[in-house]
Amino acid sequence: MRYLLRNTNLRIALFLAVIPLFLPENLFPVLCLGAIYSIAALGMSLLLGYAGQISLGHAAFIGIGAYTTAILTTQFNWPVLAAFAAAIFVSSVIAYIIGKPILKTKGFFLALATLGFGEIFFVFTSRTDPVIGGLVGIGGIPYFSIAGYEFSSYVQMHYLYWTILLGLVIYSQNMVNSRSGRAFRAISTDELAASTMGIDVAKYKLRIFVLSAAYAGIAGSLLATYLSMTQPYGFRVDLSIFIVLAVIVGGMGSLWGVVAATVVLTWLKDEQLSQYQEYSALIYGIILLLILIFVPQGLGSLGQRSFQWMKDRLGKAYRYRSNRS
Amino acid sequence: MSIFRIEQLSKRFSGLTALNAVSFSVENQTIQAIIGPNGAGKTTLFQIISGVLPPTAGSIYYGEEEITRKPPHKICAMGIARTFQMIRLFPDMTVLENVMTGGHIHWKTGVFMSGFRLPNVRGEERDARQKAQAILDSMGLGDKANYPATSLPYGQQRLVEISRALASEPKLMMLDEPAAGMTPQEGEALAEKIGDIRDSGVTILLVEHDMGLVMEISDQIIVLNYGQVIAEGSPSIIQQDPKVIEAYLGTKDNNAQY
C-alpha cells in the first residue's frame, strides 16, 4: 500500500477522483477544458519537449478532430464513439501527409511551415459554407456517450476527460522510457549522432509528428462534444501558441508539469482574461519571457528542485549538529 | 580477406581538395590506423564512410556491397559504427541510456507499441539494459551507468562513446582520435581495450595522433597527406619511410629557409 502511494500517477489519480467532492461548481469547466487542452499539450510535449520539433499549427489538428466529430455526428448520425475514433484517424492521416514535406525543414522554418498549415485550415473551414458552416460553424453536437451511457454533467465529463488523460500520460511515460523515446531524445540533441547510431531521423520525426497530431485529434473530438459546437475561430494560431506555451511553462521534460501548467493557463485564459481576448498574444508573450528568464526548465522542475533544496538544507543542519556533539 | 575497400575516393569542398583518389582495403579483424598531419583528410574520410558527407567521386565497398552515399542509419545497420573526434554523447541521457541508444538497431518495438508495457516490450527493454550494462562493465564503467553522461571526465566520456558504438555490435568500428584528452595511463588502458575489441572479431579503423598508441596496437598503417595516401604498411615500415618523416617533420630545404 505504501509503495502504491509513492507512485505519482496513482496519487494524482486519487486526487482527481476525490476533487469533485470539494470543488466549487464554477471551477468544473476549467478542470474539464484543462484536461482537454492537456491532452493536446501532452502530444506537443512529446513533439517539442522530447523530440525537439516545433509546431505552431497544432490548433489545426485539434480543429480537424473537432470538425471530423462534428460532421460525422450531426450530418451522418454516427455514434459519438465511432466519430471519436474517426477523428483520431483523420488527424493522424493528415499529419502524415503534410508531415512528410514539412519535417524536412528545421527550427524556424518548421515553425513557419506549421504556422502556414494552421492558417490554411482556418481559411478552409471559414470559407466552406454548405458542408461545414463557414464562420458560423457546426452546432448541435451530441454529448460523448459510450454504449448509450451519456456524459452530460460536469462531474461525469470530469471523470471521462481525466481518465483519458491519465491513460495518455501513462502511455507517454512508457514511450519516453523506451527504445523510441531514447531515439526521440537523441534526435532532439544531436541528429547527426542519432543517425550514425542507426536511427532513421526522418522516419522518427514523422512518427512523433503523427502521434502528437493524434493527441490533438483526441483533444479536438472531446472539445467538440464538450462545447457541442465547432467554429473556425476556435482553432486559430492563439490556440497553437497556447499549447506550445503550456509545454514551455510546464517544463520540456515533465509530463505532469505540462498538465498542471495547462490547467493553470486554462484558468487564466477562460476565467481571468476572457474579456481581454485581443491582448492574449501580449499576455502569453509576457508569461513566456518570465518563465524563460526565471524558470527556464519549466514549473515541472520546481517541485523536484524545492525537494532537493530542502534535502540539502536538512542534510547540512544535521551534519552541523552531529559535528558539534 | 578484406572486409572493407575504398576505390578512388575523392572529396572536394569548392576549391579545396580534401581527399584525392584515395584507395585502400582493410583486412578482417585487424586494427588499421590512418595517420597524417592536421588537415590531411582523415576526419573527412570518416565522415564519408559513415554516410554523413557524400563523396565527390569514388566508391566504398563493405564486403561485396557498395555503400557509397547510403544514409548514416543504413550504414550503421549494416554493421559499421563510429565515434566522433569532438565527443557527441547525448547530453540529457545517463551513461546507460547512451549505450542503450547505441543498440537501437537490434530492437524492434515501434513508436506506437512502445507506449504499451506489453510483456515482449518489457522483455526487450530488459535485454537492452542488460547488454548495455555488460558493455559498460567490460569497459570498466559499470559503476557509472546511472551518471549523466556529460558529467564524467573527458577520458571516460570517450570510453562511453566507444561503448555506445559497440552496442550496435558492429563488424567495423571507426574510432576518431579515441585517446585525445586522456591521461597516459588512460591511453594505456585504452590500447588494451581496443586490442580486446579486435580480438572479439571487430575490425577497427583508427584515426589517432598519439603515435605511441598507433605504433603499439596497429596491424597496418595508412599515411595521408594533403588528401593522398603517401605510404602504407606495418608500423615498422612506416617508421622508416622517408616520405612519412618528411610529411611530419618537413624536409631539410624547408627548414633551411628559417
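Everything numeric here is computed off the predicted structure, so don't read it as measured data. Just so it is clear, the values below take in all heavy atoms, side chains as well, and ignore hydrogens, waters and symmetry mates. Per chain, numbering begins at 1; letters A, B, ... match sequence-line order.
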From [X] atom [atom1] to [Y] atom [atom2], the distance as rounded to the nearest 0.5 Å:
X: A:Leu192; Y: B:Phe84; atom1: CG; atom2: CZ; value: 5.0 Å
X: A:Asp190; Y: B:Arg88; atom1: CG; atom2: CZ; value: 4.0 Å
X: B:Met93; Y: A:Arg182; atom1: CE; atom2: CZ; value: 7.5 Å
X: A:Ser180; Y: B:Phe112; atom1: OG; atom2: CZ; value: 12.0 Å

Counting only heavy atoms not in [X] (residues, nucleotides, ligands), do more than 12 fall under 6.0 Å from its [atom1]?
X: B:Phe13; atom1: CZ; result: yes
X: B:Tyr154; atom1: OH; result: yes
X: B:Arg12; atom1: CZ; result: no
X: B:Phe24; atom1: CZ; result: yes

(request) Taking all non-hydrogen atoms of both residues into account, name the closest pair between A:Arg179 and B:Thr109 and its distance. (result)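 Looking at all heavy atoms of both residues, the closest pair is NH1-O, 2.9 Å.
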(message) Restricting to non-hydrogen atoms, name the atom on A:Ala193 and the atom on B:Phe90 that form the minimum distance, rounded to 0.1 Å.
(response)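 Taking A:Ala193 first and B:Phe90 second, the nearest heavy atoms are CB-CE2, 3.8 Å.
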(message) Suppose we screen for side chain to side chain donor-acceptor pair (under 3.5 Å). Which residues come up paired with A:Arg185, at least two apart in sequence or across chains?
(response)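 By the side chain to side chain donor-acceptor pair (under 3.5 Å) rule, A:Arg185 matches B:Glu97.
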(request) Return the set of residues passing side chain to side chain donor-acceptor pair (under 3.5 Å) with B:His106 (not counting sequence neighbours), or none when no residue passes. (result)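 B:His106: no side chain to side chain donor-acceptor pair (under 3.5 Å) contacts found.
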(message) Using a 4.5 angstrom heavy-atom cutoff, name the option from A:Ser188, A:Ala194, A:Ser172 with the most pairs to chain B.
(response)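 The option with the most such pairs is A:Ala194.
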(request) Pick whichever of A:Ile208, A:Thr196, A:Leu168 has the most heavy-atom pairs under 4.5 Å with chain B. (result)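 Sorted descending by pairs with chain B, the first entry is A:Thr196.
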(message) Does anything in residues 115-145 of chain B reach chain A? List residues with heavy atoms under 4.5 Å apart, or say none.
(response)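 Interface residues of residues 115-145 of chain B: B:Gly115, B:Phe116, B:Arg117, B:Glu125.
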(message) What part of A:Thr189 gets within 4.5 angstrom of chain B, counting heavy atoms only: side chain, backbone, both, or neither?
(response)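 Contact with chain B: side chain only.
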(message) Using heavy-atom distances under 4.5 Å, tell me whether A:Ile199 contacts chain B through its side chain, its backbone, both, or neither.
(response)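 Both backbone and side chain.
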(message) Under 6.0 Å between ring centres: does that hold for B:His73 and A:Tyr204?
(response)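 They do not qualify: ring centres at least 6.0 Å apart.
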(request) Spell out the residues in residues 35-60 of chain A that have some non-hydrogen atom less than 4.5 Å away from a non-hydrogen atom of chain B, in order of number; otherwise answer 'none'. (result)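 Checking residues 35-60 of chain A against chain B gives no residue, so none.
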(request) Output the option from B:Arg82, B:Met113, B:Arg164 having the highest count of non-hydrogen pairs under 4.5 Å with chain A. (result)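 Greatest number of close heavy-atom pairs with chain A: B:Arg164.
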(message) Given heavy-atom pairs under 4.5 angstrom as the criterion, report whether the side chain, backbone, both or neither of B:Lys74 touches chain A.
(response)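 Neither part, no heavy atoms under 4.5 Å.
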(request) Would you mind checking which part of B:Val52 comes under 4.5 Å of any heavy atom in chain A, side chain (CB onward), backbone (N, CA, C, O), both or neither? (result)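 Answer is side chain: those atoms of B:Val52 sit under 4.5 Å from chain A.
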